[in-house]
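Have a look at the structure below, then the notes.
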Amino acid sequence: MPELPEVETVVRSLREPLVGRCVESVWYDWAKVVKTPSAEQFTARLQGQTFHAITRRAKYIVCQMDQDLFAVHLKMTGRLYVSETDHPGDRWVHLRVRLDNGLHLCFSDARRFGRVYLINDMYEIAPNLGPEPLEADFTADILRERLNGRHRQIKALLLDQSFVAGVGNIYADESLYRAQIHPLRAADSLNADEIIRLHESIRHTLELGINHEGASINWYRKPDGERGESQDYFNAYGKEGQPCTRCGQPIVKIRVAQRGTHYCPNCQPEK
DNA sequence: CCAGCCCCCTGTCGGC
DNA sequence: TGCCGACAGGGGGCTG
């Protein structure tokens, strides 16, 4: 569900309601929602800490507290939002943090893949994250260096968070479509021009996603409950059988790295 | 290093 | 209408 643009949208909307607030208490109905430390320790330690900053690293939401980092990964169907009531009418809320102004930070997740963490450093839970694709230091040269010697399918590599952080299934397809690169191409077979195009495309599609406040295909909603609009601007993802916006040929769907993969066989040639 | 599978879970949708 | 398999935006782990 949420990829970099959706997580970034959540982070931006949570800053105003959370920064400066103190945790009064923590409620959960399913201990496994807390990945580390134990749910009991998590609750005890988080209580009394104040939110100082809300940031994003890869697809993690990272809250800087007094002593710890409070991190959240939404995985496929997770949602994180502030509610004015402790009964938001959401049957999938598994963790609630009561704030000192009476509001609640709710973590909701239908599929229960999402997790929360209380740590000192992101390295504890994600030691091998790749570069942030929207940072200035993610240059085309860096991308070329990282592709060098990698023989994996380029789509599988884009999904690998140790290669580049934050790209998921949707934006991988959209990036390869825009760069006109077939998803099954070997990563080390891209020529200099294709690498420059891919670099520009990754950044462009992610920034566009953020500007449209994320994509709401199914579960994702902005913290205010509204749908993002990024999905209205997709060219490949979910467009199977529909005419390519560039050439008119039907978009094809295949499976790559066990994920549905959409591309234009005419604009993204196999070789 | 890499492809392929399984698993963690639940909801939705299309086919029969 | 009802059942059933396939599939879903993520990621960790194992095998060969």
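A, B, ... follow the sequence lines: proteins, then strands. Residue 1 opens every chain.
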Output yes when at least one side-chain N/O atom of [X] is less than 4.0 Å from OP1 or OP2 of [N], else no.
X	N	answer
A:H73	C:dG10	no
A:Q161	C:dG11	yes
A:R91	B:dG11	yes

Look at the side chain of A:R111 against the base of C:dA8 and say whether a donor-acceptor pair falls under 3.5 Å; ignore hydrogens and angles. yes

Between B:dC6 and C:dG5, how far apart are the P atoms? Round to whole Å, please. 15 Å

For atom P, what is the distance between C:dA6 and B:dC7, given to the nearest Å? 14 Å

Would you please determine if the base of C:dG10 is stacked by A:F113, with stacking meaning a centroid separation under 5.5 angstrom and planes under 30 degrees? yes

side-chain hydrogen bond (donor to acceptor under 3.5 Å, both in side chains), that's the test. Do A:Q161 and A:Y60 meet it? Break it down for me. CA-CA 11 Å; A:Q161 300 299 294; A:Y60 290 88; over 6 Å; no

Return the value, rounded to whole Å, for the distance between atom [atom1] of [X] and atom [atom2] of [N].
X	N	atom1	atom2	answer
A:L129	C:dG11	CG	P	9 Å
A:Y117	C:dG12	OH	C1'	10 Å
A:N128	B:dC1	CG	P	11 Å
A:L157	B:dC2	CG	C1'	11 Å
A:L159	C:dG10	CG	C1'	10 Å
A:E124	C:dG12	CD	C1'	18 Å
A:Y60	C:dG12	OH	C1'	10 Å
A:H151	B:dA3	NE2	P	8 Å

I want to know whether A:F138 and A:H199 have ring centres closer than 6.0 Å. yes

Nearest of [options] to any side-chain atom of [X]?
X	options	value
A:R255	B:dC9, C:dG10, C:dA8	C:dA8
A:K32	B:dG11, B:dC8, B:dC1	B:dC8
A:R150	C:dG11, B:dC2, B:dT10	B:dC2
A:K75	C:dG10, B:dG11, C:dA8	C:dG10
A:Q258	B:dC1, B:dG4, B:dC9	B:dG4
A:W92	B:dT10, C:dG11, C:dA8	B:dT10

With a 4.0 Å cut-off, would you call [X] and [Y] a salt bridge?
X	Y	answer
A:E194	A:R185	yes
A:D173	A:K155	yes
A:E213	A:R12	no
A:R98	A:D86	no

Complement of B:dC2, any strand, by Watson-Crick or G-U distances under 3.5 angstrom: C:dG16

Which is true for A:Y237 with a 4.0 Å heavy-atom rule: it touches a base, it touches only sugar-phosphate, or it touches nothing? sugar-phosphate

When all nucleic acid strands are considered with a 4.0 Å heavy-atom cut-off, which category describes A:K253: base, sugar-phosphate, or nothing? sugar-phosphate

